[in-house]
There are 2 protein chains.
Amino acid sequence: MKSTEAACQYELMAARDALEVIQGKWRIPIVISLTYGTKRFGEIHRDMPDISPKMLSQELKSLEENQIITRTLYDRMPVTVEYSLTPLGQSLQNLLVELRNWGKHFRKEIVGK
Amino acid sequence: MKSTEAACQYELMAARDALEVIQGKWRIPIVISLTYGTKRFGEIHRDMPDISPKMLSQELKSLEENQIITRTLYDRMPVTVEYSLTPLGQSLQNLLVELRNWGKHFRKEIVGK
DNA sequence: CCGAATCCTGTTTGATACTG
DNA sequence: CAGTATCAAACAGGATTCGG
């Protein structure tokens with residue numbers, strides 16, 4: 001039992017690391033939106049109209065701090081800001097694919113039954 | 001652009017379905033704990049001592065409602081309750097593997113730099 | 001030992017209006 | 001366009017107590 005428990009603890013720790021970064025209602029949807037390329041604030045917002053500007057701003061900042069996305073300011077008129085995935089952000093792809101697959105599976109099994 | 005946006009919307013919806021079920025601080029850790037086999041309340045609690053009995057109880061109930069786990073009551077003395085993964089819960093494995101992998105990756109890249 | 005029930009608190013989230 | 005400020009609501013989480 002000892003070794004099983006140790007393995008469990010190790011898995012839990014790795015999962016926690018990941019969850020800390022991508023947890024929340026909006027962070028993953030934002031990353032998915034940026035999967036389709038560099039976007040501006042308003043473009044992301046159009047992909048997910050339910051989020052408030054405040055939350056979007058806040059979550060973008062959090063993702064930037066964790067080096068999942070980059071923020072680029074263009075000093076034009078009007079002001080333009082572009083967001084895009086970093087390599088680390090792109091490394092979330094496998095995880096996102098599995099998440100989407102499971103979501104579809106769940107919908108078939110439960111939601112749509 | 002139309003087709004790209006439609007694909008994005010579809011991905012977002014699938015991701016939302018999944019997030020609704022597994023989101024939160026404790027649900028995924030609970031599922032990971034049960035990956036190692038059927039366990040009782042106290043055994044799960046020992047895997048993650050930080051969770052309060054209330055939250056553990058609450059989250060177990062939520063997972064049961066979404067048919068991720070089963071709860072079996074044995075009417076012995078003292079009362080025993082066992083939790084285990086359903087097939088649907090086991091279908092989370094690929095996702096959990098990716099989550100753990102990314103967590104390790106993130107730690108190497110950022111946390112441990 | 002395995003929880004349920006209650007109460008309480010702080011953080012998260014959100015609606016709305018406003019600014020450079 | 002890309003946010004910030006403000007205020008309110010919702011929720012996560014903890015402490016404690018109780019019962020089979």
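A, B, ... follow the sequence lines: proteins, then strands. Residue 1 opens every chain.
Listed by chain and number, the residues in a side chain to side chain contact (heavy atoms under 4.5 Å, CB included) with B/Y10 are A/K104 (sequence neighbours excluded). For A/D47, the side-chain hydrogen bond (donor to acceptor under 3.5 Å, both in side chains) partners are A/S33, A/K39, not counting sequence neighbours. Partners of B/V97 under the side chain to side chain contact (heavy atoms under 4.5 Å, CB included) rule, at least two apart in sequence or in another chain, are B/R100, B/N101. Taking the side-chain hydrogen bond (donor to acceptor under 3.5 Å, both in side chains) definition, one finds that B/R40 meets it with nothing, sequence neighbours left out. Scanning for side-chain hydrogen bond (donor to acceptor under 3.5 Å, both in side chains) contacts around A/T70 gives A/S84, with sequence neighbours left out. Take A/K25 and apply the salt bridge (charged side-chain N to carboxylate O under 4.0 Å, His left out) test, not counting sequence neighbours, and it matches no residue. Listed by chain and number, the residues in a side chain to side chain contact (heavy atoms under 4.5 Å, CB included) with A/R46 are A/E43 (sequence neighbours excluded).
Across residues 18-30 of chain A, A/K25, A/W26 each have a non-hydrogen atom less than 4.0 Å from an atom of DNA chain C (numbered order).
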Anything under 3.5 Å between a donor and an acceptor, one on a side chain of residues 55-65 of chain B, the other on a protein residue two or more places apart or in another chain? List them.
from, atom 1, to, atom 2, distance (Å)
B/E59, OE2, B/R27, NH1, 3.2
B/S62, OG, B/R27, NH1, 3.3

For residues 88-96 of chain B, dump all side-chain donor-acceptor pairs below 3.5 Å to protein atoms at least two apart in sequence or in another chain.
from, atom 1, to, atom 2, distance (Å)
B/S91, OG, A/W102, NE1, 2.9
B/S91, OG, B/L88, O, 2.5
B/Q93, NE2, B/T35, OG1, 3.1

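Distance A/H45 NE2 to C/dT16 P: 13 Å, rounded to the nearest Å. Rounded to whole Å, the distance from CG on A/D75 to C1' on D/dG3 is 15 Å. Between A/I51 atom CD1 and D/dG3 atom P the separation is 12 Å, expressed in whole Å. Separating the CG atom of A/L56 from the P atom of D/dA2 is a distance of 10 Å, rounded to the nearest angstrom. The separation between A/K39 atom NZ and D/dG3 atom P is 16 Å, rounded to whole Å. If you measure from atom CE of B/M48 to atom P of D/dG14, you get 11 Å, rounded to the nearest angstrom. We find that CG of A/D50 is positioned 9 Å from P of C/dG14, with the value rounded to whole Å.
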Per-nucleotide protein contact string for nucleotides 1-6 of chain C (B base, S sugar-phosphate only, - none; heavy atom under 4.0 Å): -SSS-B
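In the helix from C/dC1-D/dG20 to C/dG20-D/dC1, the terminal helix axes, each the rotation mapping four pairs' C1' atoms onto the next four within five end pairs, subtend 50°, rounded to 10°.
Counted within 6.0 Å of CD on B/E82, heavy atoms from surrounding residues, nucleotides or ligands total more than 12; the atom is thus considered enclosed.
Here the side chain of B/Q23 pairs a donor or acceptor atom with the backbone of A/G24 at under 3.5 angstrom.
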